[in-house]
Amino acid sequence: MLEGINMIGDLEWEVPIGYVPDMRVPGRFFLSRALAETLEEGAVRQLANVATLPGIVKHSLAMPDIHWGYGFPIGGVAAFDMTEGVISPGGVGFDINCGVRLIATPLTEADLAGKKRELIERLFSAVPTGVGAKSALRVSNKDLTAVMVDGARWAVERGFGTGADLVRCEAEGAMPGADPDAVSAKARQRGVPQIGTLGAGNHFLEVQVAREIVDPEAAKVFGIAEGQVCFMVHCGSRGLGHQVATDHLRTLESALAGYRIHLPDRQLACAPIDSPEGRAYYGGMVCAANYAWANRQVIMHEAKKVFAELFGIDYDAMRLIYDVAHNVAKFERHDVDGASTEVCVHRKGATRAFGPGAPGIPREYAGVGQPVIIPGSMGTSSFLLHGTTTAMQKTWGSTCHGAGRVLSRSKAKKEVRGKELREHLAGEGILVRAHSDSALAEEAPEVYKPSREVVRVVHEAGLSNIVVRLEPLGVIKG
DNA sequence: ATGTGC
């Protein structure tokens with residue numbers, strides 16, 4: 001499996017130029033020997049294929065949750081020169097700005113005693129879940145334009161949360177450069193009824209407890225203590241983001257020949273960053289990213305209302321720690337050969353992990369680096385980490401995003417019984433609420449790489465450091 | 001991930 005790949009450090013591997021034809025730079029990925037057993041050759045080939053794209057800078061990178069994706073591997077990170085380089089939907093993913101936010105409540109596990117079932121049921125009622133889930137919100141087409149431009153701020157201005165939430169979101173909950181004209185009528189149509197809905201697949205809203213404080217000083221800065229009940233929202237841009245990706249992939253595929261870009265894989269469809277097609281994709285992608293931030297903002301607000309009502313606690317006593325994007329392309333300044341240079345960083349199933357003092361992270365967290373939130377798979381621990389200087393130097397300020405699938409959905413359904421899984425988790429005190437047991441089987445912990453091991457690798461490689469381990473108490477899913 | 005698959 002690792003034939004033709006060189007180990008260049010305890011946890012660092014290099015895919016040399018020549019692994020596939022026309023590579024411009026080497027590939028690099030971070031992986032332990034234990035995880036190397038699950039490494040797919042196809043994912044390594046995808047990593048190498050990315051290295052053939054015009055204008056790629058330094059390396060084609062992948063995090064330890066690397067697995068086979070559309071064009072780019074999931075867990076992939078790649079930066080492109082602003083003049084020579086390209087932008088590619090395959091480097092972002094279909095679920096644009098799929099991401100996670102973590103909220104600390106003033107409750108302890110003991111406060112939940114006897115009320116956990118009711119909490120999960122109420123959350124399930126308050127937050128629409130599942131494929132095609134519809135929102136209770138009435139949103140006009142004009143409102144949708146504002147959502148796509150203003151992101152989380154749109155939600156706050158309509159009473160879903162408070163202004164303080166915004167500074168605790170990556171990009172403050174809205175990237176600049178939204179181009180509503182780059183979002184098709186079909187994408188709009190799919191987006192209008194879905195603001196404030198969770199979706200399906202590995203998306204979830206989970207009630208957790210901060211079980212283990214690994215870095216007490218950073219935990220204090222992030223405002224989280226041992227035994228504290230938290231909740232985590234994992235979702236993205238729903239049908240709108242999917243449609244934006246689909247629409248622009250088609251346009252970019254047909255524009256390829258005009259730019260004389262030759263690809264080893266059509267799924268790498270792309271265009272120069274500063275071309276009509278490249279700019280249009282970027283503008284549409286930003287709209288979807290901002291939609292996702294508004295979506296998570298509304299969901300958090302509804303969940304906070306449930307906690308406030310059920311436990312008689314103050315709405316404002318629940319505090320957003322941070323919100324991170326897992327699937328997005330951004331223009332950022334990084335060190336390239338000793339000079340601060342703007343590049344287009346694609347993160348596809350990867351989390352920004354800016355270190356202490358880096359621009360663009362909340363002032364209150366500047367001393368420790370940005371919070372990095374890594375969700376576990378169902379029934380397993382999630383982690384709060386902080387970004388590092390090493391990540392700035394090695395991975396464009398990036399780290400992993402979670403576990404990575406090892407069994408396909410169809411195989412999972414054959415090998416796992418959803419009902420047994422639900423009962424097993426209940427036995428461990430983890431309540432699961434979903435529309436069907438069959439949907440649960442696809443998300444069973446055993447169909448994913450162990451997130452603990454993935455997180456251990458990024459911690460030991462210095463790409464981000466563990467602050468808190470969180471254990472699930474209950475979860476709602478699609 | 002996705003009004004789930006050409």
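Order of the sequence lines fixes the chain letters, A, B, ..., with proteins taken first and strands second; residue numbering starts at 1 for each chain.
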Can you tell me how far [atom2] of [N] sits from [atom1] of [X], to the nearest Å?
| X | N | atom1 | atom2 | result |
| --- | --- | --- | --- | --- |
| A:Glu443 | B:dT4 | CD | C1' | 13 Å |
| A:Phe94 | B:dG5 | CZ | C1' | 13 Å |
| A:Arg409 | B:dT2 | CZ | C1' | 10 Å |
| A:His242 | B:dT4 | NE2 | C1' | 8 Å |
| A:Arg250 | B:dC6 | CZ | C1' | 13 Å |
| A:His203 | B:dT4 | NE2 | P | 16 Å |
| A:Gln189 | B:dT2 | CD | C1' | 15 Å |
| A:Asn327 | B:dT2 | CG | P | 11 Å |

Legend entry - Distance below 4.0 Å between A:Arg238 side-chain N/O and B:dT2 OP1 or OP2: yes
Does a side-chain N-to-carboxylate-O contact under 4.0 Å join [X] and [Y]?
| X | Y | result |
| --- | --- | --- |
| A:Arg422 | A:Glu420 | no |
| A:Lys411 | A:Glu442 | no |
| A:Glu423 | A:Arg417 | no |

Legend entry - Comparing A:Glu442 and A:Asp95 on DNA chain B - which has the more 5′ nearest nucleotide: A:Asp95
Inset, instruction - Mind checking A:Gly239 for me? I need base, sugar-phosphate or nothing, with any heavy atom below 4.0 Å counting as a touch. - result: sugar-phosphate
Inset, instruction - Would you mind classifying the nucleic acid contact of A:Lys186 as base, sugar-phosphate or nothing, using non-hydrogen atoms under 4.0 angstrom? - result: base
Inset, instruction - Can you tell me which residue pairs pass the side chain to side chain donor-acceptor pair (under 3.5 Å) test with a partner in residues 123-139 of chain A, sequence neighbours excluded? - result: A:Thr129-A:His435
Inset, instruction - Among residues two or more places apart or on two chains, list those pairs meeting side chain to side chain donor-acceptor pair (under 3.5 Å) that have a residue in residues 63-80 of chain A. - result: A:Asp65-A:His401
Inset, instruction - Specify the residues of residues 192-201 of chain A, ordered by number, for which at least one heavy atom lies under 4.0 angstrom from an atom of DNA chain B. - result: A:Gln194, A:Gly199, A:Ala200, A:Gly201
Inset, instruction - Could you tell me whether the side chains of A:Tyr291 and A:Gln194 share a donor-acceptor contact shorter than 3.5 Å? - result: no
Inset, instruction - Taking the six-membered ring for Trp and the full ring for Phe, Tyr or His, determine whether the centres of A:Phe231 and A:Phe307 are under 6.0 Å apart. - result: yes
